[in-house]
Amino acid sequence: PGATQCSANGVQTCDATGAWQNTASPPVQLLANPGFDAGHTGWVEKTPASTAIITPQSSLTTIQAQTPSYLAWMAGYPNVNDDLSQTITIPAGATSITLSFYYLIQTQETSIANPDTMDVYTYDAATTMYTTIASFNDNMPTPTWTRFRSS
């Protein structure tokens, strides 16, 4: 009793009678192309710039993708409002949701006034409510890819 085993992409625990019981559902990836590895597939990009947000890493000389060969390059120029989104449906019966991603913040600006910002948020179409999950700005540079995780 108490032992665990993997079974059909799930976890089972041995109960007091010696029978195996399913104890957890396996995680389900809801995003299409979550690491941008397939380029623009699955994502809606809105930018006033003449270049795409999702770009091959080779077009940027100083940053390599977290997982090759594409990355999302946002706000690399003055006075812009980029938006990268994807519509998903949370399955009925879901007991938890985790959002995780890697980010890297670099800047050439020398003033801390009026920083460039990036907000990560969810939007619920049923309630028309936005919920901010995280906010970043170029006054908080990261020298390497950094993982963000929210449950």
Side-chain angles (χ1 to χ4, degrees), residues 1-47 49 51-76 80-107 112 115-151:
T4 59
Q5 72 177 10
C6 293
S7 176
N9 292 327
V11 177
Q12 293 182 325
T13 301
C14 182
D15 68 15
T17 67
W20 291 104
Q21 302 296 323
N22 292 330
T23 55
S25 299
V28 176
Q29 176 59 261
L30 298 178
L31 290 176
N33 188 22
F36 311 118
D37 299 332
H40 306 275
T41 302
W43 292 96
V44 175
E45 300 172 67
K46 294 179 184 174
T47 180
T51 59
I53 294 172
I54 297 173
T55 183
Q57 68 179 8
S58 62
S59 68
L60 303 170
T61 58
T62 61
I63 300 173
Q64 297 298 306
Q66 170 65 18
T67 59
S69 60
Y70 287 84
L71 55 80
W73 176 266
M74 301 180 81
V80 69
N81 187 11
D82 289 338
D83 191 52
L84 185 62
S85 64
Q86 194 170 127
T87 299
I88 62 166
T89 301
I90 307 298
T95 57
S96 66
I97 300 167
T98 300
L99 172 66
S100 70
F101 56 90
Y102 286 88
Y103 66 94
L104 188 146
I105 301 171
Q106 291 186 340
T107 186
I112 62 171
D116 297 326
T117 62
M118 180 180 91
D119 295 321
V120 179
Y121 60 88
T122 59
Y123 174 75
D124 184 341
T127 63
T128 65
M129 298 281 298
Y130 289 91
T131 302
T132 301
I133 306 298
S135 293
F136 304 94
N137 68 62
D138 60 0
N139 290 333
M140 45 175 52
T142 57
T144 60
W145 289 102
T146 304
R147 186 170 188 206
F148 174 87
R149 182 179 167 100
S150 173
S151 295

Study note, to complete from the structure: Interatomic distance, CG@Asn33 vs CD@Gln86, rounded to 0.5 Å, equals 7.5 Å

**Study point:** Taking every non-hydrogen atom, the tightest pair across Asp37 and Ser69
**Key:** OD1-N, 4.1 Å

**Study point:** Approximate separation, where rounding is to 0.5 Å, of Tyr70 OH and Thr41 OG1
**Key:** 8.5 Å

Study note, to complete from the structure: Residues Ile54 and His40: closest non-hydrogen pair is O-CE1, 2.9 Å

Check your understanding: At their closest point, which heavy atom of Gln29 faces which heavy atom of Leu31, and how far apart are they?
Key -> OE1-N, 3.0 Å

Check your understanding: Any side-chain donor paired with an acceptor under 3.5 Å for Thr98 and Ser151?
Key -> yes

Review point. Between Gly35 and Thr67, which heavy-atom pair has the shortest distance, and what is it?
Key: O-OG1, 3.7 Å

Exercise for review: Mind checking side-chain contact (heavy atoms from CB on, under 4.5 Å) for Asp124 and listing every partner two or more places apart, or none if nothing turns up?
Suggested key: Ala126, Thr127

Check your understanding: What are the two closest non-hydrogen atoms of Asp83 and Ile53, and how far apart are they?
Key -> O-CD1, 3.5 Å

Under 3.5 Å donor-acceptor pairs involving side-chain atoms of residues 134-146, not counting sequence neighbours:
unit_1, atom_1, unit_2, atom_2, d
Ser135, OG, Asp119, OD1, 2.7
Asn137, OD1, Asn139, N, 2.6
Asp138, OD1, Asp116, N, 3.2
Asp138, OD2, Thr107, OG1, 3.4
Asn139, ND2, Ile112, O, 3.0
Thr142, OG1, Ile105, N, 2.9
Trp145, NE1, Gln64, O, 2.8
Thr146, OG1, Thr144, O, 3.1

Point to revise | Approximate separation, where rounding is to 0.5 Å, of Leu99 CG and Phe148 CZ | key: 6.5 Å

Check your understanding: What distance do Ile63 atom CD1 and Thr55 atom OG1 have between them, rounded to the nearest 0.5 Å?
Key -> 10.5 Å

Review point. How far does OG1 of Thr122 sit from CD1 of Ile97, to the nearest 0.5 angstrom?
Key: 8.5 Å

Point to revise | Exercise: identify the closest heavy-atom pair between Tyr121 and Thr132 | key: CB-CA, 4.0 Å

Review point. If you round to the nearest 0.5 Å, how far is CZ of Phe101 from CZ of Phe36?
Key: 10.0 Å

